[in-house]
2 protein chains.
Amino acid sequence: MSTRREAVRQALSGYSGFRSAQDLYADLRAEGSKIGLTTVYRALQALSDSGEVDVLRTDDGEAVYRACDTESHHHHIVCRVCATAVEIEGPTVERWAAEMGAKHGFTGVTHTVEVFGTCTGCS
Amino acid sequence: MSTRREAVRQALSGYSGFRSAQDLYADLRAEGSKIGLTTVYRALQALSDSGEVDVLRTDDGEAVYRACDTESHHHHIVCRVCATAVEIEGPTVERWAAEMGAKHGFTGVTHTVEVFGTCTGCS
DNA sequence: CATACTTTGACAACCGTTTTCGTTTTCGTG
DNA sequence: CACGAAAACGAAAACGGTTGTCAAAGTATG
C-alpha cells in the first residue's frame, strides 16, 4: 500500500460528503503535495475497487467519491443544497431489488439507490 | 416544434428501455436520416427540459434517455448485456425512501433507483 | 551494490458532450 | 407568391473529465 494512496484516502476522509477527483487533487496540491492527477485517479479507483470508498455520478457526469464509515453495502441521502450525505441502511430495498430481479428472470442483480432531499439546516 | 425533434422523439419511443444519444444518432442515420449528432443532443435536451423524457447517467458517465409510457413514477431493471429494460413498480421503495427522508429530517425527498442484472436471454 | 518489480506523474489520447458559426429551412407578413 | 426575420440545422472545433502511455524514480530482494 503506497504512501500516495494513503494520502488520497486521508484527504477524502477529511470530508463528510462527496468530493470529486479534481477537488481532491486541488486539496492535496494546496497542502503542498506534489502528487499528480493521474495518481489521484488511480488511488480512487483502487479504493473504490476494494470497497473503501463509494462512487457515484453527479447529473453532469462527474464522478464523486466518499469515504464510508462502514464496510457493508448501504446507500445515502444527499442534501441537494449543501451536499451533506447521511448513510442509510435499507434491508427493505435490498430485498425488494432481489425480488424484482428474480421475478423478471434476471441474474446477478445489483442496484443503485440515491435519495435526495433538503436537510434540516438548508430548508 | 421541429421535424427533427419529432424524429428523435419517435426513435426513442421505439425502444422500451434506455438509449444513449449516440445510439439514437446511429439509429436515425441507419434509417437514412441526414440528421446531425448536434441536433440529436439538442432535441434530447429540449425533450428532457420539457419533461417528456427522463435522463440518467450510467456508471461510466454516459447520459441515457428514455421515453416513458406512463406518467407515473416507476423504475427499471436493465440488462447489463443487451440493455433491455423492464419497467418495475415499487411501492415498497417509495415508502422506504419517504421514511428514510423523514427519519433524518429531510424535506422534498426524491430518489433514483436503478436495478441492473443479466436477463434470461443473455445469461 | 545489483537487479527486478512497482509506483509515480507529465503529457497525450479518448470520448461523450457542448459551443461556434455559417448555412438552410421555416414561417409570418406584405 | 415573394421577402425577410427568426429559428433550426449540421460540420467541425472546443471542452472537460477521465484514462492510457512511458520514462523516471522509488522500493524490496538477494
Side-chain angles (χ1 to χ4, degrees), chain A residues 1-12 15 17-67 78 83 112 114, chain B residues 1-12 15 17-67 78 80 82-83 85 112 114 116:
Chain A
M1 178 69 63
S2 75
T3 314
R4 294 306 201 192
R5 182 167 309 168
E6 192 56 36
V8 172
R9 190 215 308 274
Q10 293 218 350
L12 185 56
Y15 285 88
F18 288 93
R19 202 109 182 116
S20 75
Q22 312 263 349
D23 287 344
L24 287 168
Y25 172 66
D27 292 348
L28 288 163
R29 298 294 287 208
E31 286 171 8
S33 169
K34 292 284 178 285
I35 198 171
L37 184 53
T38 311
T39 306
V40 174
Y41 274 105
R42 268 194 295 243
L44 287 171
Q45 200 152 336
L47 290 169
S48 141
D49 284 350
S50 72
E52 297 177 69
V53 306
D54 279 351
V55 197
L56 65 89
R57 294 271 173 174
T58 62
D59 283 346
D60 62 335
E62 199 178 17
V64 286
Y65 304 83
R66 181 176 193 277
V78 187
T112 65
E114 296 303 325
Chain B
M1 181 68 63
S2 74
T3 313
R4 294 305 202 190
R5 182 167 311 168
E6 192 56 36
V8 172
R9 191 215 309 272
Q10 294 217 350
L12 185 55
Y15 284 89
F18 291 91
R19 203 95 182 130
S20 74
Q22 314 262 350
D23 288 343
L24 287 168
Y25 171 66
D27 292 346
L28 288 162
R29 298 292 287 207
E31 286 172 9
S33 168
K34 292 284 177 283
I35 198 170
L37 183 55
T38 311
T39 307
V40 175
Y41 275 106
R42 268 193 295 243
L44 287 170
Q45 200 154 334
L47 290 169
S48 141
D49 285 349
S50 71
E52 296 177 68
V53 306
D54 281 351
V55 197
L56 65 88
R57 295 272 173 174
T58 62
D59 283 347
D60 63 335
E62 198 177 16
V64 287
Y65 306 82
R66 82 169 114 106
V78 187
R80 65 168 70 85
C82 68
T112 65
E114 296 305 326
F116 300 93

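So you know, we letter chains A, B, ... as the sequences are listed, proteins then strands, and number each from 1.
If you take CZ of Arg42(B) and P of dG16(C), they are 19 Å apart, rounded to a whole angstrom. Between the CZ atom of Arg57(B) and the C1' atom of dC15(C) there is a distance of 12 Å, given to the nearest Å. Here dT24(C) presents its P atom at 17 Å from NZ of Lys34(B), a figure rounded to the nearest Å. Rounded to whole Å, atom P of dC9(D) lies 14 Å from atom CZ of Arg29(B). In this entry the distance linking CG of Leu44(A) with P of dT18(D) reads 9 Å, nearest Å. Atom pair Leu56(A):CG and dT18(D):P shows a separation of 12 Å (rounding to whole Å applied). Rounding to whole angstrom units, CD of residue Glu6(B) and P of dA8(D) are separated by 14 Å. Between Tyr25(A) atom OH and dG17(D) atom C1' the separation is 14 Å, expressed in whole Å.
Of all the heavy atoms in Tyr41(B) and Ala21(B), the pair that sits closest is CE2-CB, 3.5 Å.
Side-chain N/O atoms of Arg4(B) include one lying less than 4.0 angstrom from OP1 or OP2 on dG10(D). For Thr39(A) and dG9(C), the shortest distance from a side-chain N or O to OP1 or OP2 is below 4.0 Å. OP1 or OP2 of dT19(D) lies within a sub-4.0 Å distance of a side-chain N or O belonging to Gln45(A).
For the side chain to side chain contact (heavy atoms under 4.5 Å, CB included) with Arg66(B), the qualifying choice from Val53(B), Asp54(B), Val55(B) is Asp54(B), the only one to do so. Checked against Phe18(A) for a side chain to side chain contact (heavy atoms under 4.5 Å, CB included), the options Leu56(A), Thr58(A), Asp23(A) give a single hit: Leu56(A). Among Leu47(B), Val40(B), Thr39(B), the single residue meeting the side chain to side chain contact (heavy atoms under 4.5 Å, CB included) criterion with Arg5(B) is Leu47(B).
Checking dG10(D), dG9(C), dT19(D) against the side-chain heavy atoms of Tyr41(A) singles out dT19(D) as nearest. Of the candidates dC9(D), dG17(D), dT8(C), the closest approach to any side-chain atom of Gln22(A) belongs to dG17(D). In the set dA10(C), dT17(C), dA11(D), dT17(C) carries the atom at the smallest distance from any side-chain atom of Ala21(B). Residue Thr38(B) places its side chain closer to dG10(D) than to any other of dT21(D), dT18(D), dG10(D).
Annotation: the span from Glu62(B) atom CD to Arg57(B) atom CZ amounts to 9.0 Å, rounded to 0.5 Å.
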